[in-house]
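Computed from a prediction, not measured in an experiment: that's the story for all the values here.
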Amino acid sequence: MQVLDAINRMRASMHDVSQEYDDVECIFALNTAIHDLTGLLVAARYPDIIAEADFAEGDSVPDEFFRTCGTYPVRFTGGKVHLLTSGDKLHVRYYTMPADVTRTGSLPFRLSILNSLAIKIAIKILLNENEYDISQDTSIQSEITQALQLGAG
């Protein structure tokens, strides 16, 4: 899904006909929602956000690195890789954090349900900034949990 389509869906869901929330605010909320959702996906061990790489002593940690998938004899400190074992390289599987979306980009998730959940979370973020009474907060959280359980199962 394209970011502009997501912004239009957000505005329609919030009944924002006067465009109270500009594109910058909507994109910030989307990025925050994507990062929040990714944290939940990592906790649920979601496989679509896993990458693999060979690391050598002193390599820079990739920008998208979130955390390792499992235990490896490696330490990441100060943006550098420090191997705790002998050898030239270590093959590591790790969870990635999607890069921030831009106005002309697309949402990062392959599954449309995850993109829809990111949009719902972004809407919640924007509406909570103005301290609206949002009765659907609990249902959104339940929907997120249910989607993660279905995906992990």
Side-chain angles (χ1 to χ4, degrees), residues 1-11 13 21-129 134 136-153:
M1 172 181 285
Q2 296 299 311
V3 172
L4 286 176
D5 294 334
I7 290 171
N8 290 334
R9 279 183 64 186
M10 290 168 61
R11 285 191 176 125
S13 294
Y21 304 102
D22 64 10
D23 287 358
V24 173
E25 288 176 304
C26 291
I27 291 170
F28 177 79
L30 268 174
N31 282 321
T32 303
I34 288 166
H35 293 159
D36 287 352
L37 186 55
T38 300
L40 293 171
L41 292 171
V42 167
R45 297 183 179 114
Y46 184 64
D48 274 359
I49 55 174
I50 294 176
E52 298 183 28
D54 291 324
F55 292 112
E57 179 67 33
D59 282 353
S60 294
V61 177
D63 290 337
E64 75 277 1
F65 180 87
F66 188 70
R67 78 167 210 212
T68 61
C69 299
T71 306
Y72 291 92
V74 64
R75 183 174 54 227
F76 301 95
T77 334
K80 297 290 182 190
V81 175
H82 303 284
L83 300 179
L84 304 175
T85 183
S86 60
D88 295 338
K89 292 190 178 222
L90 180 66
H91 189 76
V92 176
R93 295 181 56 195
Y94 61 93
Y95 292 103
T96 61
M97 180 61 72
D100 286 348
V101 298
T102 60
R103 189 173 190 277
T104 58
S106 59
L107 296 183
F109 300 114
R110 178 181 57 85
L111 298 176
S112 61
I113 189 169
L114 294 176
N115 290 325
S116 294
L117 286 173
I119 290 169
K120 286 182 181 184
I121 295 169
I123 290 168
K124 180 177 143 181
I125 290 168
L126 288 173
L127 293 178
N128 279 341
E129 277 184 3
I134 303 178
Q136 76 266 17
D137 281 4
T138 305
S139 66
I140 291 173
Q141 289 301 121
S142 298
E143 187 176 349
I144 293 167
T145 304
Q146 183 182 23
L148 291 175
Q149 289 171 347
L150 287 174

* Asked: Closest approach of Ala33 and Ile125, non-hydrogen atoms and distance?
  -> N-CD1, 4.0 Å

* Given the rule in the side chain to side chain contact (heavy atoms under 4.5 Å, CB included) test, do Leu111 and Tyr46 qualify, once you have shown the distances and angles that lead to the verdict? -> CA-CA 12 Å; Leu111 298 176; Tyr46 184 64; 3.2 Å; yes

* Asked: Any side-chain heavy-atom pair from Asp36 and Leu40 closer than 4.5 angstrom?
  -> no

* **With Tyr94, the side-chain hydrogen bond (donor to acceptor under 3.5 Å, both in side chains) member among Arg67, Glu64, Glu52** => Glu64

* Do you know the tightest heavy-atom contact between Ala118 and Leu30? -> O-CD2, 4.3 Å

* Structure fact -> Val101 and Ser106 have their tightest heavy-atom pair at CG1-O, 3.6 Å

* Is any side-chain heavy atom of Phe28 less than 4.5 Å from a side-chain heavy atom of Thr32? -> yes

* Output the distance between atom CE (Met97) and atom CD1 (Ile49), rounded to the nearest 0.5 Å. => 7.5 Å

* To do: Measure the CG-CG distance between Leu114 and Leu37 for me, rounded to the nearest 0.5 Å.
  => 5.5 Å

* Measure from the side-chain N and O atoms of Asp88 to the backbone N and O of Ala56, and report whether any donor-acceptor pair falls under 3.5 Å. => no

* **Trace of the side chain to side chain contact (heavy atoms under 4.5 Å, CB included) decision for Val81 with Val92** => CA-CA 11 Å; Val81 175; Val92 176; over 6 Å; no

* To do: Indicate the ring-plane relationship of Phe55 and Phe76, choosing parallel, tilted or perpendicular according to the 30° and 60° boundaries.
  => perpendicular

* Asked: Should we count OH of Tyr72 as having more than 12 external heavy atoms under 6.0 Å?
  -> yes

* What is the distance from atom OG of Ser13 to atom CG of Leu126, rounded to the nearest 0.5 Å? -> 11.5 Å

* To do: Check step by step if side chain to side chain contact (heavy atoms under 4.5 Å, CB included) holds for Ser60 and Lys80.
  => CA-CA 5 Å; Ser60 294; Lys80 297 290 182 190; 3.3 Å; yes

* Asked: Is the CG atom of Asp22 crowded by more than 12 outside heavy atoms at less than 6.0 Å?
  -> yes

* To do: Check the pair Val42, Phe66 against side chain to side chain contact (heavy atoms under 4.5 Å, CB included), reporting the backbone distance first and the verdict last.
  => CA-CA 9 Å; Val42 167; Phe66 188 70; 3.6 Å; yes

* Asked: Between the main-chain N or O of Pro98 and the side-chain N or O of Thr96, is there a donor-acceptor pair closer than 3.5 Å?
  -> no

* Does Arg45 use its side chain to pair, donor to acceptor, with the backbone of Cys69 at less than 3.5 Å? -> no

* Asked: Heavy atoms, side chains only, cut-off 4.5 Å: are Ile27 and Thr102 in contact?
  -> no

* Asked: For Asp54, does the CG atom have more than 12 heavy-atom neighbours from other residues, nucleotides or ligands under 6.0 Å away?
  -> yes

* State the CG-NZ distance between Asn115 and Lys120, to the nearest 0.5 angstrom. => 12.5 Å

* **Spatial distance of atom CE (Met1) from atom OG (Ser116) [nearest 0.5 Å]** => 5.5 Å

* Does Phe109 reach the side chain of Thr38, with side-chain heavy atoms less than 4.5 Å apart? -> yes

* Taking every non-hydrogen atom, the tightest pair across Thr104 and Gln2 -> O-OE1, 3.9 Å

* For residues Ile7 and Cys26, report the shortest heavy-atom separation together with the two atoms involved. => CG1-CB, 3.9 Å

* To do: Identify the two heavy atoms, one from Ile50 and one from Arg93, that lie closest to each other, and give their separation to 0.1 Å.
  => CD1-NH2, 3.4 Å

